[in-house]
Amino acid sequence: MDRQVAALCGGVIDLHTEADLRSKLARSLQENRPLRIKLGADPTAPDIHLGHAVVLTKLRQFQELGHRVIFLIGDFTARIGDPSGKKEMRPMLDEAAIAENANTYTKQVFKILNPDQTEIRFNSEWMGKLNAAGVVSLAANMTVARMLERDDFEKRYTEGRPIGIHEFLYPLVQGYDSVALEADVEIGGSDQLFNLLVGRELQKSHGQEPQVVMTVPLLEGIDARFENGKIVGAKMSKSLGNYVGIEEAPEAQFGKLMSISDPLMWRYYRLLSGKSSTEIDAMQKGVEEETIHPMAAKKGLAHLLVQRFHSPEAADRAQQDFETRFSKREIPTDLPEFEIEATVDDGAGLIHILREAKLASSGKEARRSCQQGAVRIEGEKITDPNYVLTPGSQVVVQVGRRKMARITVIAKS
RNA sequence: GGAGGGAUUCCCGAGUGGCCAAAGGGGGCAGGCUGUAAACCUGCUGCGGUAUCGCUUCGGAGGUUCGAAUCCUCCUCCCUCCA
């Protein structure tokens, strides 16, 4: 029992309350009834990445202890269109789009969760039935003072920045979901703490036992840096481009993970690897004492994660690709291939080729790269932007260390 | 409802008639060093097949002017203060 609690609380930021968790676990064991662990998800962004994986990994731990995950898709909320990020004027999604998103979403989620122990629900099921009177009586469970306890609301309030009334409604809707689902535990990112706690209150006022609330940290993106003993960086998100998607190619995932800064690696280990903290501590100590090379530790992390999202074989291949490409600086075997038609009689110019093969986004950029000595053809540095490849040439063209392609020049038609 | 402030390139932010494709910083890319880590040094960073040239860009549409990111008019959006 203590071991279970310790494992489940690893990497958790907030826990309300440990006593509740213990009594629920104890009863679950006694009655042989799995706990219902809720996770709310927004179906607007169907691509899931390592940031989402943190909370999913935690849920997976619950499943391994025999509990049941309720994966709640906030389709009702999405249909209304959360206006808080009004910069982009988020479009209201229609039912078909939501269903499709939900589909791709769940498919990805099952790379981490066990489908047999997962229930997928949609909150339109009960929210759609809640009329105006229902909403008002729901709102009656909450006071403005209580709402203003939420950090970001309080901050905005004191700074005189606007708070929409509807923003008060979202935590209530989310909390009501917990009532409808009779959740035993709800997990979310640490920014969700307030919303999750509202769930507790609403359950109490509906005569239910309040859910246990757990929050996990928001994972920093792969571009996070280490300054003054702290990891500094925005959270992982698709829009910032600092993410590793769980559906990305093994090589891409491996490469991205290898590029994270050393201190960040430990963070990823702790939040995503599923390894025990004693094991990770030992490894970290090994690196500090220089008995383990940091790069080896990082390869271990990358391999582990690629393996989880793809397969052991894919992870091996990704690692090999990484090593030939970057450690040995050899040309890997599987390169993107392009056939490029000559533009003038004696062949195709280098600038043209770089652009066609997507090795440069514009002619200007191609020229620049070339003049800076980044371009190699068959391993030989080419600094003349006017270099021409004759028809029939089959060569490997590289721009910098990362971009390369196999090019065949065909005669002008 | 009233008063005022603002919108500049990927981001922040200078620029109030020509010297502006637009300072500076961030980010990004490339080179050196290396472990595709960090730190550091250097170069580049709107587009056009090589460009003392051309084109597009300073919220949108018009206008003034030999010449507009800069001045005028209208419009859109954002913010602050008062009610």
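Lettering follows sequence order; numbering is per chain, from 1.
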Whole Å only: how far is the [atom1] atom of [X] from the [atom2] atom of [N]?
X	N	atom1	atom2	value
A:Q372	B:G43	CD	P	11 Å
A:R401	B:C33	CZ	P	8 Å
A:Q398	B:U36	CD	P	15 Å
A:K364	B:G54	NZ	P	13 Å
A:M258	B:U34	CE	P	17 Å
A:F326	B:G35	CZ	P	15 Å
A:E365	B:G28	CD	P	15 Å
A:D223	B:A38	CG	P	11 Å

Polar side chain donor-acceptor pair, A:Q192 to A:Q174, under 3.5 angstrom: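 Looking only at side-chain atoms, A:Q174 and A:Q192 do form a donor-acceptor pair, the distance falling under 3.5 Å.
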Phosphate OP1/OP2 of B:A30: any A:R368 side-chain N/O under 4.0 Å: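 Negative; the distance criterion is not met.
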Any A:R355 side-chain N or O less than 4.0 Å from OP1/OP2 of B:G48: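 For A:R355, the contact criterion (side-chain N or O under 4.0 Å from OP1 or OP2 of B:G48) is met.
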Residue pairs fulfilling ring pair (Phe, Tyr, Trp, His ring centres under 6.0 Å) with at least one residue in residues 237-263 of chain A, sequence neighbours excluded: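 Listed by first then second residue: A:F254-A:F322.
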Spacing of the [atom1] atoms in [M] and [N] (rounded, Å):
N	M	atom1	value
B:C53	B:A3	P	50 Å
B:C11	B:A83	P	37 Å
B:U76	B:A21	P	33 Å

A:R325 vs A:E251, salt bridge (Lys or Arg N to Asp or Glu O under 4.0 Å): CA-CA, chis, key distance, verdict: CA-CA 11 Å; A:R325 200 181 286 251; A:E251 291 78 13; over 6 Å; no
For RNA chain B, the residues among residues 302-324 of chain A that have a non-hydrogen atom under 4.0 Å from it: A:F322
Classify the nucleic acid contact of [X] as base, sugar-phosphate or nothing, counting any heavy atom under 4.0 Å across all strands shown.
X	answer
A:S261	sugar-phosphate
A:I260	sugar-phosphate
A:P294	base

Taking only the side-chain heavy atoms of [X] (C-beta and beyond), determine which of [options] contains the nearest atom.
X	options	answer
A:D262	B:G49, B:G35, B:A30	B:G35
A:S362	B:U36, B:C44, B:C47	B:C47
A:R329	B:U36, B:G35, B:U34	B:U34

side-chain hydrogen bond (donor to acceptor under 3.5 Å, both in side chains) against A:Q394, all qualifying residues, sequence neighbours excluded: none
First of A:R367 and A:A374 reached from the 5' end of RNA chain B, by closest nucleotide: A:A374
Nearest atoms (heavy-atom pairs only) where [X] meets [Y]:
X	Y	result
A:A411	A:P391	CA-CB, 3.8 Å
A:A224	A:I231	CB-CG2, 4.0 Å
A:I280	A:Y269	CD1-O, 3.6 Å

Any-strand Watson-Crick or G-U partner of B:G4, both distances under 3.5 Å: B:C79
Parallel, tilted or perpendicular, as decided by the 30° and 60° cut-offs, for the rings of A:F71 and A:Y105: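 Aromatic pair A:Y105/A:F71 classed tilted.
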